[in-house]
Enquirer: 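For reference, the structure I am asking about is given below.
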Protein chains: 2
Amino acid sequence: MEIAANTAPVITIGSAKEFADKEVTIRGWLYGKRSSGKIHFLLVRDGTGIIQAVVVKAEVTPEVFELSDKLTQESSIIVKGKLRLDGRAPGGVEMTVTDLQLVSLAQDYPIGRKEHGPDFLMNNRHLWLRSSRQHAIMKIRSTVIKSVRDFLDSNGFILIDAPILTPAACEGTTTLFETDYFGDKAYLTQSGQLYMEAAAMAFGRVYCFGPTFRAEKSKTRRHLTEFWMVEPEMAYCDLEENMAIQERFVAYIVRQVLEKNADELKILERDIELLLKVEPPFIRLSYDEAVDIIKKGGVEIEWGDDFGSPQETYLMEQFDKPVFVYNFPAAVKAFYMKRHPERPELAVCSDLLAPEGYGEIIGGGQRSDDLEYLLEQIEVHKLPKDAYEWYLDLRRYGSVPHGGFGLGIERTVAWICKLDHVRETIPFARMLTRIYP
Amino acid sequence: MEIAANTAPVITIGSAKEFADKEVTIRGWLYGKRSSGKIHFLLVRDGTGIIQAVVVKAEVTPEVFELSDKLTQESSIIVKGKLRLDGRAPGGVEMTVTDLQLVSLAQDYPIGRKEHGPDFLMNNRHLWLRSSRQHAIMKIRSTVIKSVRDFLDSNGFILIDAPILTPAACEGTTTLFETDYFGDKAYLTQSGQLYMEAAAMAFGRVYCFGPTFRAEKSKTRRHLTEFWMVEPEMAYCDLEENMAIQERFVAYIVRQVLEKNADELKILERDIELLLKVEPPFIRLSYDEAVDIIKKGGVEIEWGDDFGSPQETYLMEQFDKPVFVYNFPAAVKAFYMKRHPERPELAVCSDLLAPEGYGEIIGGGQRSDDLEYLLEQIEVHKLPKDAYEWYLDLRRYGSVPHGGFGLGIERTVAWICKLDHVRETIPFARMLTRIYP
């Protein structure tokens, strides 16, 4: 890295505007090139932005001009030159190159300007991440994740990591990845919630945030086998307070993306009008009301059914802001859900559905704080009682009303970016037929 | 929750000082109790702190006094009363109770004031988390994790999550957890580094931060089978810059804990003098120099050996601030490490060892950017070349000098808290003989 050592400071493209009229060094890769005989326009990327570096034949050595002529897409290069503000340039600043160094010449970069099928792109995910669209999605993903943490950290929640390797299943064992654990069986977690209940009794407000796993044979645009979920849990909390926090939380996340990722939303051609509407209060529908709407729309559903993708999609095409559907039939929800005091066929719970047809991004609710009820449910669902002894302890020693929710990061990012498929929302997607790279 | 609905606002103990001379409601659990005939001193915890709530017989109804008499440890209660500042009280504020409501009476809480063995406590981890010492450790853990993210986010790093389920092993397959992946084999990640190398070529500076796994049959005070690791990776970075960032990073983390967790460090009786010394520059020793020191100390080692626990412990008893040991023999490091240009038997790498005998908290180094060398190493180590094709692509298309490091959260927390065993540094530890609760 010879050039880097000389007097022109090494800067990132993201900070280039601060160095207008200065000579600087930028270390990056060739993203694209245009030539017109005596001038080469190099588009250089370094991960923080893209800058146009102009090589004028008359102003550089013959070696530099020749080198810039033979540069191929994704070759790694170090460019030195003077920056100047230019409103028409991407990023508002352009470089006039004075020196250029080749770090490594790329031969036949496989991703070109032509169209590629999704399988080809996913096989080359390690390279596809360099494209501006994927880059934009990953930057928004990182804003979403940071906003999740910032909101919770500043609202009295403590991060308590849930274990990934678990001895028992949260909601049945049919969709679990299993592994040998020194002679015993262990499963990859589907949810940290039960552990968060224990933690909420110790810390009041807690959250875990990690990867979760579903060995589902679903091949839809909404399913990943490995995805990230944040799961807050609150002691002394009822469903109303739970939903109120969820809507503040989701509104905060969307607002942060609007503030920090205007450029990325533009690259994705996202219509932000609908995102601007994501402010509390969200719409609240009881399950009963939601079923009526879906029925009237001619989509198949009977009272008592869980919502599938067609039901959620139809419902969320009717609204332009997020919708809580609350009080589902207990039969379609997990065994630990609290029953409605007046209508015991209902669970005290809510799903939060995203607009524009995206559907569920949050599932949440109250957990039963009653020992007898849970013992009964464990029997009804034929769960291994021994494995749940610690969970039952939470009702033996200082049981309190409590609840929480889980927000899926990938579905949230898909909605905010308005993507067709969740596979683009995570750096290295894991799906039914995909575990490479 | 009848009391909660009335006029005294519900507050957390952590914010009690702001409500001096006001009547408030606190929802929590009974942590301890002292009585003197006509007065009960209730220690109430709510996860944000502990407050003394005083019940004076003459000032409450007979029912409230009787109830406070029969309260047992860890019963959940709601107390209402007037707060007043009191320098002698824990947290600096005390409550004079006017009303008290029992939410749930705890019977025979298993963790008492007597000594318990570690197995008993780990079996009751879901309850043990409520004790003030464990509470303090978890709060410090959450500060460490937040500091990790804040430092990286504000130093130009982008979070790019690495996958947990991987088709190939980063460093051999003997210590991997294996799972069936729809008919194929998949392994739980030991490190996200290879993926971070791909991401660094797209984003410049990146990090992943998630759980990693080792199916090691080690039963030591330093080993967990599941632990959290942050792995930053930087394009266009050499070992010097890499170490410089590491020392700023570790110093920042320690400084944040000193600032935010003074109370918790006090509960742990941590001598903070040594933590105050954790400021750059750290000590730098070549592997050659470190071996000499260890040899002179009479601890068994030959040039070429990797450091084990006895070597690290001895070395780090000699220093009162962190030490980089750099340029280890390539033979004891991973296949992808870059070789030293003048001494090819060495890898361009460093470990960061924590003082007070704690040893390695960071492993890092330069990755080879040379395609031919890596092809050779894959053959030498008999690795499946197909599985590494994507990794090799990073050297085919725009290879650049790059490096990074991995910091283990649990070992860092163990050192900062000065704990004997890493099992207390993570909410739900997974070890050779432990996967419950």
Side-chain angles (χ1 to χ4, degrees), chain A residues 1 12 27 29 46-48 74-76 103-104 106 109 126-127 129-130 135 138-139 142 145-146 149 153 156 158-161 163-165 167 177-179 181-182 184 186 195 198-199 201-204 210-211 226 228 236 390 393-394 397-401 426-428 430 432 435-437, chain B residues 1 12 27 29 46-48 74-76 103-104 106 109 126-127 129-130 135 138-139 142 145-146 149 153 156 158-161 163-165 167 177-179 181-182 184 186 195 198-199 201-204 210-211 226 228 236 390 393-394 397-401 426-428 430 432 435-437:
Chain A
M1 288 185 281
T12 59
R27 307 181 297 195
W29 294 265
D46 73 348
T48 71
E74 285 302 322
S75 291
S76 40
V103 180
S104 175
Y109 186 67
H126 55 295
L127 305 175
L129 285 173
R130 304 179 185 185
H135 202 276
M138 288 303 117
K139 288 194 86 164
S142 80
I145 290 174
K146 186 170 160 49
R149 295 185 180 270
D153 291 341
I158 299 177
L159 173 70
I160 300 289
D161 295 302
I164 308 299
L165 292 166
F177 288 107
E178 183 184 308
T179 188
Y181 195 82
F182 308 111
D184 279 335
Y195 291 96
M201 302 304 143
F203 297 89
E226 174 183 325
W228 286 68
Y236 289 103
W390 69 268
D393 275 355
L394 307 177
Y397 309 114
S399 189
V400 305
I426 187 165
F428 298 93
R430 297 305 184 231
L432 181 55
I435 194 178
Y436 178 93
Chain B
M1 288 186 282
T12 59
R27 308 180 296 195
W29 294 265
D46 73 348
T48 70
E74 286 303 321
S75 291
S76 40
V103 180
S104 175
Y109 186 66
H126 54 296
L127 304 174
L129 285 173
R130 303 178 185 186
H135 202 276
M138 288 302 117
K139 287 193 85 163
S142 81
I145 290 174
K146 186 170 160 49
R149 295 186 180 270
D153 291 342
I158 298 176
L159 173 71
I160 300 289
D161 294 303
I164 308 300
L165 292 166
F177 288 107
E178 183 184 309
T179 187
Y181 194 82
F182 309 110
D184 279 335
Y195 292 96
M201 301 304 142
F203 296 89
E226 176 183 323
W228 286 69
Y236 288 103
W390 68 269
D393 274 356
L394 307 177
Y397 308 115
S399 189
V400 305
I426 187 165
F428 298 93
R430 297 305 183 231
L432 181 54
I435 194 176
Y436 178 94

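Heavy-atom basis, side chains included; hydrogens, waters and symmetry copies ignored. To find a chain, count down the sequence lines: A is the first, B the second, and so on, and within it residues start at 1. Please read all numbers here as calculations on a predicted model, not as lab measurements.
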Enquirer: Report the distance from atom CZ of A:R430 to atom OH of B:Y181, rounding to the nearest 0.5 Å.
Expert: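 So the CZ of A:R430 and the OH of B:Y181 are separated by 7.0 Å.
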Enquirer: Quick one: OH on B:Y109 to CG on B:L127, what's the gap to the nearest 0.5 Å?
Expert: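 Between B:Y109 OH and B:L127 CG, I get 4.5 Å after rounding to 0.5 Å.
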Enquirer: Heavy-atom distances under 4.5 Å only: say whether B:I160 touches chain A with side chain, backbone, both or neither.
Expert: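 Its backbone and side chain both get close to chain A.
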Enquirer: Would you confirm whether B:R27, through its side chain, and A:Y236, through its main-chain N or O, come within 3.5 Å as a donor-acceptor pair?
Expert: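 Yes, B:R27 side chain to A:Y236 backbone: donor-acceptor pair under 3.5 Å.
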Enquirer: Between chain B and each of A:H135, A:E74, A:E178, count heavy-atom pairs under 4.5 Å; write down the option with the most.
Expert: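 Among A:H135, A:E74, A:E178, the one with the most close pairs to chain B is A:H135.
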Enquirer: For chain A, find which of B:I158, B:L159, B:L165, B:D46 contributes the most heavy-atom pairs closer than 4.5 angstrom.
Expert: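 Ranked by contacts with chain A, first place is B:L165.
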Enquirer: Among residues at least two apart in sequence or on other chains, which ones pass side chain to side chain contact (heavy atoms under 4.5 Å, CB included) with A:D153?
Expert: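 Scan of A:D153 (side chain to side chain contact (heavy atoms under 4.5 Å, CB included), adjacent residues dropped) gives A:R149, A:Y207, B:K146.
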Enquirer: For the side chain of B:S76 and the backbone of A:S399, is there at least one donor-acceptor N/O pair under 3.5 Å apart?
Expert: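 Here the side-chain-to-backbone pair exists.
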Enquirer: With respect to chain B, which residue among A:S142, A:G398, A:A186 yields the maximal number of heavy-atom pairs within a distance under 4.5 Å?
Expert: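 Of A:S142, A:G398, A:A186, A:G398 has the most heavy-atom pairs under 4.5 Å with chain B.
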Enquirer: Let's test your reading of the structure: which of A:I426, A:L432, A:T12, A:I145 forms the most heavy-atom pairs below 4.5 Å with chain B?
Expert: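 Among A:I426, A:L432, A:T12, A:I145, the one with the most close pairs to chain B is A:L432.
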Enquirer: Taking every heavy-atom pair that is under 4.5 Å apart, which of A:A199, A:G204, A:A106 has the most such pairs with chain B?
Expert: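 Ranked by heavy-atom pairs under 4.5 Å with chain B, first place is A:A106.
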Enquirer: Of the listed residues (A:I164, A:V400, A:T179), which shares the most heavy-atom pairs with chain B below a 4.5 Å separation?
Expert: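 It is A:I164.
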Enquirer: Give the ring-plane orientation class for B:F182 versus A:F177, where under 30° counts as parallel, over 60° as perpendicular and anything between as tilted.
Expert: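 Taking A:F177 first and then B:F182, their aromatic rings stand perpendicular (interplane angle over 60°).
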Enquirer: Heavy-atom cut-off 4.5 Å, strictly under: side chain, backbone, both or neither for B:P211 against chain A?
Expert: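 The answer is the side chain of B:P211.
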Enquirer: Out of B:D393, B:D184, B:D161, which one racks up the most heavy-atom pairs below 4.5 Å with chain A?
Expert: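 Heavy-atom pair counts peak at B:D161.
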Enquirer: Would you say A:V103 and B:P401 make side-chain contact, with heavy atoms under 4.5 Å?
Expert: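 Counting from C-beta outward, A:V103 and B:P401 do come under 4.5 Å.
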